[in-house]
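Being a predicted model, the structure only gives us computed values, none of them experimental.
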Amino acid sequence: MAAPSMKERQACWGARDEYWKCLDENTEDASQCKKLRHSFESSCPQQWIKYFDKRRDYLKFKEKFEAGQFQPSKTTAKS
C-alpha cells in the first residue's frame, strides 16, 4: 500500500479530530458519534485507525492519572 498523500493525511487527521471532539462533547458516548466514526474510518488507513484508537485510550488514561483520578481495579490493587 502506498503512503497516503498530504491531502489524504489531512483529511484523515481532520476526521479523527472531529470524531474525538464529538466523543469529548458527548462524554465518551460513541453512539452519538456514529457518522463521524464512519467518516474517520473511511478517511484513514486501517492501521492508523487502530493506532489513533489506542492513542486516545492512552491519552485519556494519562489525563486521569495525572489528575489523581485513576482508580486501579481490585485485581490490579491486589497484585
Side-chain angles (χ1 to χ4, degrees):
M1 181 178 124
S5 69
M6 182 182 198
K7 192 173 184 178
E8 291 169 328
R9 289 191 307 268
Q10 289 174 335
C12 172
W13 297 332
R16 175 207 57 196
D17 292 345
E18 287 296 314
Y19 176 60
W20 284 13
K21 181 180 176 186
C22 178
L23 290 176
D24 289 340
E25 290 172 353
N26 292 290
T27 324
E28 300 295 323
D29 183 7
S31 66
Q32 300 291 319
C33 306
K34 286 182 181 179
K35 287 182 182 178
L36 291 171
R37 176 67 187 196
H38 179 69
S39 175
F40 171 51
E41 289 177 349
S42 64
S43 299
C44 300
Q46 189 63 38
Q47 284 293 85
W48 288 23
I49 295 166
K50 196 179 208 181
Y51 169 79
F52 288 142
D53 286 343
K54 287 181 180 181
R55 176 91 176 137
R56 180 171 173 80
D57 290 344
Y58 168 74
L59 291 173
K60 289 297 175 182
F61 163 78
K62 183 179 174 187
E63 190 177 284
K64 284 183 178 180
F65 186 80
E66 289 176 345
Q69 298 171 350
F70 175 70
Q71 298 294 323
S73 67
K74 292 179 183 181
T75 56
T76 305
K78 291 180 181 177
S79 47

- Query: So how far is it from Arg37 CZ to Ser42 OG, rounded to the nearest 0.5 Å?
  - Reply: 11.0 Å
- State the CG-OH distance between Asp24 and Tyr19, to the nearest 0.5 angstrom. 11.0 Å
- Item | Shortest non-hydrogen contact from Gln32 toward Cys22 | O-SG, 3.9 Å
- Message: To the nearest 0.5 Å, what is the distance between CH2 on Trp20 and CG on Asp53?
- Response: 8.0 Å
- Query: Hey, are the side chains of Arg16 and Trp13 touching, using non-hydrogen atoms and a 4.5 Å cut-off?
  - Reply: yes
- Over all heavy atoms of both residues, which pair between Glu41 and Ile49 is shortest? Give the atoms and the distance, please. CA-CD1, 3.4 Å
- Look up atom NZ in Lys60 and atom CG in Asp57, then write down how far apart they are to the nearest 0.5 Å. 10.5 Å
- Message: Using every non-hydrogen atom in the two residues, find where Ser43 and Ala11 come nearest and quote the distance to one decimal.
- Response: CB-O, 4.1 Å
- Spatial distance of atom CD (Glu66) from atom CZ (Phe61) [nearest 0.5 Å]: 9.5 Å
- Item | For the student: nearest non-hydrogen atoms of Leu23 and Ala30, plus distance | CD2-CA, 3.8 Å
- Give the minimum heavy-atom separation between Leu36 and Glu18, together with the two atoms involved. CD1-O, 3.6 Å
- Message: Quick check for you: to the nearest 0.5 Å, what is the distance between Lys50 atom NZ and Gln47 atom CD?
- Response: 5.5 Å
- Query: If you look at every heavy atom in Phe40 and Cys12, which pair is closest and at what distance?
  - Reply: CD1-O, 4.4 Å
